[in-house]
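Note that these values count all heavy atoms, side chains included, but never hydrogens, waters or copies made by symmetry. All figures in this text were calculated on a predicted structure; none of them were measured in a lab.
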2 protein chains.
Amino acid sequence: MRERLSGIDRPTIVDVAKVADVSRQTVSRVLSDHPRVAPATRRRVEEAIENLGYRPNRMARALVTRTSLTFGFAAVDMRNSHFGDTCSGMQSAAREHGYYLVVTELDFDDDRGMGTLETLLTLGVDGVAFFPSFFADKEIELFAATSGCPVVMIGREAKIPNVVSIAMDEDRAADLVVGHLVDTGKRRIGILMNEMFPEVVHGRFVALQRAVTERTEVGNPPVEAGHPKIQQGRNATKKLLTKHPDVDAVIGFNDTMAMGALLACHDLGLRVPEDVAVVGYDGISFGAITNPPLTTIVQDSIGMADAAFKALLAAVQNGTPPDGEVVSWQPELLTRGST
Amino acid sequence: MRERLSGIDRPTIVDVAKVADVSRQTVSRVLSDHPRVAPATRRRVEEAIENLGYRPNRMARALVTRTSLTFGFAAVDMRNSHFGDTCSGMQSAAREHGYYLVVTELDFDDDRGMGTLETLLTLGVDGVAFFPSFFADKEIELFAATSGCPVVMIGREAKIPNVVSIAMDEDRAADLVVGHLVDTGKRRIGILMNEMFPEVVHGRFVALQRAVTERTEVGNPPVEAGHPKIQQGRNATKKLLTKHPDVDAVIGFNDTMAMGALLACHDLGLRVPEDVAVVGYDGISFGAITNPPLTTIVQDSIGMADAAFKALLAAVQNGTPPDGEVVSWQPELLTRGST
DNA sequence: TGACACGATGTGAACGTTCACACTAAGGTG
DNA sequence: CACCTTAGTGTGAACGTTCACATCGTGTCA
């Protein structure tokens with residue numbers, strides 16, 4: 001046997017076969033629970049497997065079966081627990097169905113994340129989900145066409161051939177948020193946008209702008225942008241409130257930006273929600289422990305993760321790639337102290 | 001070509017070779033930037049690759065080279081951003097060095113997580129890190145011995161053959177926490193323990209118990225246990241404060257439990273930090289936005305992630321498995337409003 | 001001009017596994 | 001008793017790639 005770099009050699013199916021005094025195929029049959037193996041033989045093989053500490057090589061297996069029972073999931077920012085939630089949800093779904101989930105963080109510097117997806121493919125996954133999408137529809141279409149496996153996009157609605165997209169109904173969410181703010185007497189609503197990913201962000205922005213324009217007399221909302229993080233949300237809010245002192249409500253692109261907004265209000269000596277109301281998007285668990293607790297649009301991450309997995313599974317099982325399907329998810333407004 | 005389940009067939013190196021009118025080896029040489037390829041040939045091959053949308057099959061490659069340039073990372077709870085931080089840190093480190101990181105969530109129900117590790121191995125990773133460890137030293141030793149690749153454990157110090165363990169200096173952390181509480185006039189310190197993973201938890205518990213006993217007259221601290229989550233921390237704190245009304249400081253096993261403690265104090269009408277001080281462990285970013293902001297022991301997740309990656313890399317490059325090395329990480333106390 | 005180096009390319013084997021098929025022995029059926 | 005079935009097992013080929021080696025020109029030097 002050739003040496004591995006690490007110096008230790010793992011036993012192969014042939015090693016097991018030798019020890020159990022059978023052929024590799026018989027070992028393979030034991031591994032896959034084939035019925036036609038004599039009980040005594042099976043026992044001998046199992047013993048050999050146990051003694052040698054044999055583990056089947058999934059890569060070799062995938063090579064010949066052309067199926068790895070593995071899906072890939074690429075998410076943008078593991079530090080934001082919203083993505084962690086979704087990732088965790090997909091893991092559970094995958095496990096339940098005998099699949100394995102390989103998670104990877106989208107590396108924006110590697111061709112805006114496309115490099116990460118490419119590498120995921122080379123790993124031999126049976127399907128790919130990504131969340132969210134930095135890419136233009138055309139790019140995704142091309143990727144899906146050449147990927148050779150089903151592709152699911154989470155976080156943005158888009159009718160793209162061979163791609164299932166799973167996203168929240170942004171119009172409904174915007175109506176919920178803005179409606180609630182107006183109902184509680186707010187009149188001048190500002191928006192904190194995510195400056196990073198125009199493709200992802202656009203839908204939410206348009207929906208919010210529409211809702212604000214429709215429901216307030218003042219019309220077009222003032223906007224400030226920053227990275228979707230706490231500190232950047234804080235800075236953006238300060239700018240927003242300084243430029244527009246009449247703003248009495250701030251909508252954050254996501255919960256972390258909204259958390260930054262809470263801090264900014266505190267910095268500026270403004271009371272929340274009396275002087276300025278704050279709303280976020282996502283519904284991450286840490287929203288419950290802010291001061292005051294954060295009102296937010298809850299995206300059912302587990303549900304969406306589950307849907308993403310099911311879409312991949314269905315595509316694999318039916319042998320047909322998914323087809324421009326859009327799964328729309330209903331948002332819920334979780335009202336807490338910040339409004 | 002046989003059909004894949006998904007119905008689309010990916011081009012192979014042979015397809016590329018045919019189109020470029022060369023042999024597979026020449027294509028392989030182009031892929032690996034071998035110097036002895038004629039410029040014209042190289043161009044022809046690159047064109048063919050581009051046109052066909054060819055992507056090398058990492059599994060086939062790994063099979064023959066016995067190296068996948070991939071490390072596996074298994075973490076317990078993606079929803080807790082502490083693990084997300086570490087995971088993100090390892091990803092960056094891996095990418096910097098041309099490695100790919102495959103992340104997976106430890107499934108406690110699958111042989112207490114050992115099943116997850118086993119599956120990770122079958123994926124053909126060149127090394128494995130896990131965080132934290134639910135396993136007994138003997139189990140880990142056995143796993144490392146048969147894994148055939150370097151193993152790194154994050155989150156607990158342990159001298160185990162062929163395993164590098166990376167952990168915070170728990171004694172120092174406990175001294176920092178308890179010292180700080182005593183310095184600010186606290187005398188009766190309660191502890192919120194993690195009831196889930198005795199193996200991980202033990203070290204921190206012992207250290208805290210020692211520090212409290214050493215530094216307060218009252219001696220042995222009252223303890224309440226729960227899962228390391230916000231709600232369970234809240235419940236545990238209520239129990240603790242009800243049973244022991246004299247407690248004037250609560251140390252949470254991690255930040256999420258401590259966040260629960262903040263909520264519990266609020267529920268009980270106790271002022272933080274005047275009536276009860278609260279400290280957490282981990283230093284997750286959301287600790288900045290609690291009310292009041294959470295004092296916490298900061299574990300340098302990025303640094304530890306980096307160290308974990310470097311340990312794996314070194315082991316792979318030196319061809320020798322790591323050897324019971326313990327990398328001790330210095331904790332820092334981040335003092336904020338909750339103490 | 002022969003010997004030789006070297007650049008450029010191709011070929012067989014191997015990695016660890018499963019698939020398709022072949023084979024043997026035992027048992028049942030007419 | 002010849003025939004067929006079936007349980008149990010083994011063998012060659014293939015998956016997509018790289019490694020080690022072989023081959024074939026072309027140019028250089030004595």
Side-chain angles (χ1 to χ4, degrees), chain A residues 1-5 9-45 48-49 52-70 121-126 148, chain B residues 1-5 9-45 48-49 52-70 121-126 148:
Chain A
M1 292 189 234
R2 216 186 320 172
E3 282 287 293
R4 295 190 99 216
L5 276 175
D9 243 316
R10 297 231 289 253
T12 74
I13 203 171
V14 177
D15 298 326
V16 174
K18 263 184 214 144
V19 170
D21 198 31
V22 293
S23 71
R24 25 173 184 57
Q25 186 57 25
T26 300
V27 178
S28 175
R29 275 191 270 258
V30 170
L31 288 173
S32 56
D33 258 325
H34 190 98
R36 277 187 226 170
V37 178
T41 312
R42 181 180 300 266
R43 224 171 307 123
R44 234 171 41 242
V45 170
I49 289 175
L52 290 173
Y54 166 76
R55 300 178 184 86
N57 183 327
R58 235 178 146 96
M59 297 185 298
R61 188 179 276 176
L63 206 54
V64 39
T65 60
R66 307 176 132 248
T67 302
S68 62
L69 294 180
T70 302
L121 278 188
T122 66
L123 245 50
V125 294
D126 293 346
Chain B
M1 291 189 233
R2 215 187 320 172
E3 283 286 292
R4 293 190 101 216
L5 277 175
D9 241 316
R10 298 230 291 252
T12 74
I13 202 171
V14 177
D15 298 325
V16 175
K18 261 185 216 143
V19 169
D21 198 31
V22 293
S23 71
R24 35 177 195 7
Q25 186 57 25
T26 300
V27 178
S28 175
R29 273 191 270 257
V30 170
L31 288 173
S32 57
D33 258 327
H34 190 97
R36 279 188 224 168
V37 179
T41 312
R42 182 181 299 269
R43 225 171 307 122
R44 235 172 40 242
V45 170
I49 289 175
L52 290 173
Y54 166 77
R55 300 180 185 85
N57 183 328
R58 235 180 146 94
M59 297 186 299
R61 189 180 274 177
L63 205 54
V64 39
T65 60
R66 307 177 131 246
T67 302
S68 62
L69 294 180
T70 302
L121 278 188
T122 67
L123 246 50
V125 294
D126 294 345

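The side-chain heavy atoms of A:V22 and A:R44, taken from C-beta on, include a pair separated by under 4.5 Å. Taking 4.5 Å as the limit, every side-chain heavy atom of B:D15 sits out of range of all side-chain heavy atoms of B:R24. Residues A:T41 and A:T26 meet the side-chain proximity criterion, which asks for heavy atoms closer than 4.5 Å. Proximity of A:N57 to A:I13: side-chain heavy atoms (C-beta onward) are nowhere separated by under 4.5 Å. Between B:Q25 and B:V30 the shortest side-chain heavy-atom distance does not fall below 4.5 Å. Taking the side chain as every heavy atom from C-beta outward, A:V45 and A:Y54 never approach each other to under 4.5 Å.
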All N/O pairs under 3.5 Å across the protein-nucleotides 20-24 of chain D interface:
none

Dump every N/O contact between nucleotides 5-7 of chain C and the protein below 3.5 Å, one line per pair.
from: C:dG7; atom 1: OP2; to: B:R36; atom 2: NE; distance (Å): 3.3

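For D:dT9, the OP1/OP2 oxygens have no side-chain nitrogen or oxygen of A:T26 closer than 4.0 Å.
Atom CG in B:D33 sits roughly 14 Å away from atom P in C:dA8 (whole-Å rounding). Per the geometry, CG belonging to B:D21 stands 11 Å off P belonging to C:dT9, to the nearest Å. Between the P atom of C:dA13 and the CG atom of B:L63 lies a distance of 18 Å, rounded to the nearest Å. The NE2 atom of A:H34 sits 18 Å away from the P atom of C:dT17 (whole-angstrom rounding). Rounded to whole Å, atom P of D:dA7 lies 14 Å from atom CZ of A:R42. The distance between atom CE of B:M59 and atom C1' of C:dT17, rounded to the nearest whole Å, is 12 Å. Remark: C1' of C:dT18 and CZ of A:R58 are 15 Å apart, rounded to the nearest angstrom. Between the C1' atom of C:dG16 and the CD1 atom of A:I13 lies a distance of 8 Å, rounded to the nearest Å.
The base of D:dG8 lies outside donor-acceptor range of the side chain of A:R44, with no N or O pair under 3.5 Å. A donor-acceptor contact under 3.5 Å is formed by the side chain of B:R24 with the base of C:dG12.
Here D:dG10 is the nucleotide among C:dT17, D:dG10, C:dC15 with the atom lying nearest to any side-chain atom of A:S23. Nearest nucleotide to the A:R66 side chain, out of D:dC15, C:dT9, D:dT17: D:dC15. Between D:dT9, C:dT9, C:dG10, one nucleotide has an atom nearer to the side chain of B:T41 than all others, and that is C:dT9. The side chain of B:T12 lies closest to D:dT17 when the candidates are D:dT17, C:dT11, D:dG10.
Within 4.0 Å (heavy atoms only), A:S32 reaches no atom of the nucleic acid at all.
Using a 4.0 Å cut-off between charged nitrogen and carboxylate oxygen, B:R42 and B:D33 count as a salt-bridge pair.
To the nearest 0.5 Å, atoms OG1 (A:T122) and CE (B:M59) are separated by 9.0 Å. To the nearest 0.5 angstrom, B:K18 atom NZ is 10.5 Å from B:L52 atom CG.
Annotation: of the two residues near DNA chain D, A:P35 and B:V27, the 5′-most nearest-nucleotide partner is A:P35. Of the residues near DNA chain C, B:A38 and A:R55, the one whose nearest nucleotide (by heavy atom distance) lies more toward the 5' end is B:A38.
With hydrogens and angles ignored, the 3.5 Å screen pairs a side-chain donor or acceptor of B:T65 with a backbone N or O of B:T67. No donor-acceptor pair under 3.5 Å is formed between the side chain of B:R10 and the backbone N or O of A:G148. Of the possible donor and acceptor atoms, one in the side chain of B:T70 sits under 3.5 Å from a partner among the backbone N and O of B:S68.
Nearest heavy atom pair, residue B:R61 against residue B:P56, reads NH2-CB, 3.4 Å.
With the 3.5 Å cutoff on both pairing distances, Watson-Crick and G-U pairs in DNA chain D assemble into runs of at least 3 at C:1-30 with D:1-30.
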